[in-house]
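Written below as structure tokens is the structure these notes are about.
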Amino acid sequence: MNKPSFWLVVPAAGIGQRMKAECPKQYLKINNRFILDITLSRLLDNAPFKGCMVPLSPADHWWLDSESSQDDRIQTCTGGKERADSVLSALHALAEQADESDWVLVHDAARPCLHADDLSNLIDTLSEHPVGGLLAAPVADTLKLADDGIPPEVAQTVDRSRLWRALTPQMFRFGALRAALESCLESGHGVTDESSAMEFSGKMPVLVEGRPDNLKVTVPSDLALAEFILGRL
Ligand SMILES: Nc1ccn([C@@H]2O[C@H](COP(=O)(O)OP(=O)(O)OP(=O)(O)O)[C@@H](O)[C@H]2O)c(=O)n1
Ligand SMILES: C[C@](O)(CO)[C@H](O)COP(=O)(O)O
């Protein structure tokens, strides 16, 4: 039986509303490179992907100015309203090339600080696993559940001993992930990551501990932090 291939999906069709920038955050620059280009190079240069699909917004007019648009390992497709729609669109675009049992890794375009060791560890840990899983970081802060007051007040302090922050890449079998996402979207069950879709289909993804500095650039203060982290990777 052929060894499964590895495919990469990097959702990049968001508008970066929380970043309040003049362009979608994946096209902000660190050391004069688009965040999207940094992210894609850190993935494609550190693992044996058979191909890469990048869902883009229909309104994207930055891609053609990117380094990555010249990389023949990378294909693009049109993303969707939500992140899950964009990921599913990428899986549909890869359907003729990928086998059901191939692995697909999904990584946010907005996470440029992924360490090569975390990528290798995720693949090595899960490549024989029946379901797959995700990079995640144990919660290090005390967590409070807020009431709905304005301003919010503490309703409860949450036991954090078994709480983890989901990161990316998230790594699942191609056919299973596509079916899980289709099921979620058909039933109107909104999900913010691939693991949630797999959980909705009854699976229990593995949590693989990753570096907490695998930052998702989300709000303005994240840009300088990402630059600092990248300077030390
Ligand atoms: N419809 C969408 C929404 C998000 N994403 C991508 O999913 C990743 C993580 O999403 P998030 O951090 O929420 O990005 P945005 O949706 O752009 O941010 P915001 O919620 O602030 O608008 C990003 O790389 C983003 O480009 C996507 O491909 N398609
Ligand atoms: C996929 C993710 O990065 C895992 O933490 C997160 O769910 C993305 O959420 P967002 O609201 O789309 O940024």
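What you see is a predicted model, and the numbers here were worked out from it, not measured in a lab. Counting convention: from 1, in listed order, for ligands and their atoms alike.
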| said: For Phe228, give me all partners under side chain to side chain contact (heavy atoms under 4.5 Å, CB included), at least two apart in sequence or on another chain. | reply: Arg232

| For atom 1 (N) of ligand 1, which candidate among Gly80, Gly79, Ala84, Ala110 provides the closest heavy atom? | Gly80

Do any N/O atoms on [X] end up under 3.5 angstrom from N/O atoms on ligand 1?
X     : value
Ala13 : yes
Gly16 : yes
Ala12 : yes

Out of all atoms in ligand 1, which are within 4.0 Å of some heavy atom of [X]? Include the element for each.
X     : value
Arg18 : 11 (P), 12 (O), 13 (O), 18 (O), 19 (P), 20 (O), 21 (O)
Ser86 : 1 (N), 2 (C), 27 (C), 28 (O), 29 (N)
Lys81 : 1 (N)
Lys25 : 11 (P), 12 (O), 14 (O), 17 (O), 18 (O)
Ile15 : 17 (O), 22 (O)

| field | Pairing of Asp117 and Arg211 as salt bridge, 4.0 angstrom limit | value | no

| said: Quick test of your reading of the model: are Asp45 and Arg73 salt-bridged, counting only N-O distances below 4.0 Å? | reply: yes

Checking a contact table here: which protein heavy atom is nearest [atom], and how many Å away?
atom                    : answer
atom 4 (C) of ligand 1  : Gly14 CA, 3.7 Å
atom 6 (C) of ligand 1  : Pro11 O, 3.5 Å
atom 22 (O) of ligand 1 : Gln17 N, 2.8 Å
atom 10 (O) of ligand 1 : Arg83 CD, 4.2 Å
atom 8 (C) of ligand 1  : Asp108 OD1, 3.6 Å

| message | For ligand 2, give me the residues whose heavy-atom distance to it is below 4.0 Å, by chain and number please. | response | Arg18, Arg83, Asp108, Arg111, Ala166, Thr168, Thr192, Asp193, Lys216

Let me confirm one number: the [atom1]-[atom2] distance from [X] to [Y], rounded to the nearest 0.5 Å.
X      : Y      : atom1 : atom2 : value
Glu199 : His189 : CD    : NE2   : 8.0 Å
Leu181 : Ser86  : CG    : OG    : 11.0 Å
Leu28  : Arg33  : CG    : CZ    : 14.5 Å

| task | Under the side-chain hydrogen bond (donor to acceptor under 3.5 Å, both in side chains) rule, what do Ser195 and Asp193 come out as? Steps first, then yes or no, please. | result | CA-CA 6 Å; Ser195 178; Asp193 72 344; 4.6 Å; no

| task | Answer with yes or no whether the side chains of Ser120 and Asp124 bring together a donor and an acceptor at under 3.5 Å. | result | no

| said: Using the side chain to side chain donor-acceptor pair (under 3.5 Å) criterion, which residues pair with Asp147? Sequence neighbours excluded. | reply: none

| note | Contacts of Thr157 meeting side chain to side chain donor-acceptor pair (under 3.5 Å) (sequence neighbours excluded), chain-then-number -> Lys144

| field | Side chain to side chain, Leu44 and Ile74, heavy atoms closer than 4.5 Å | value | yes

| Do Asp99 side-chain atoms and Ser101 backbone N/O form a donor-acceptor pair below 3.5 Å? | no

| request: Please confirm whether Phe49 and Phe6 have ring centers closer than 6.0 angstrom. | output: no

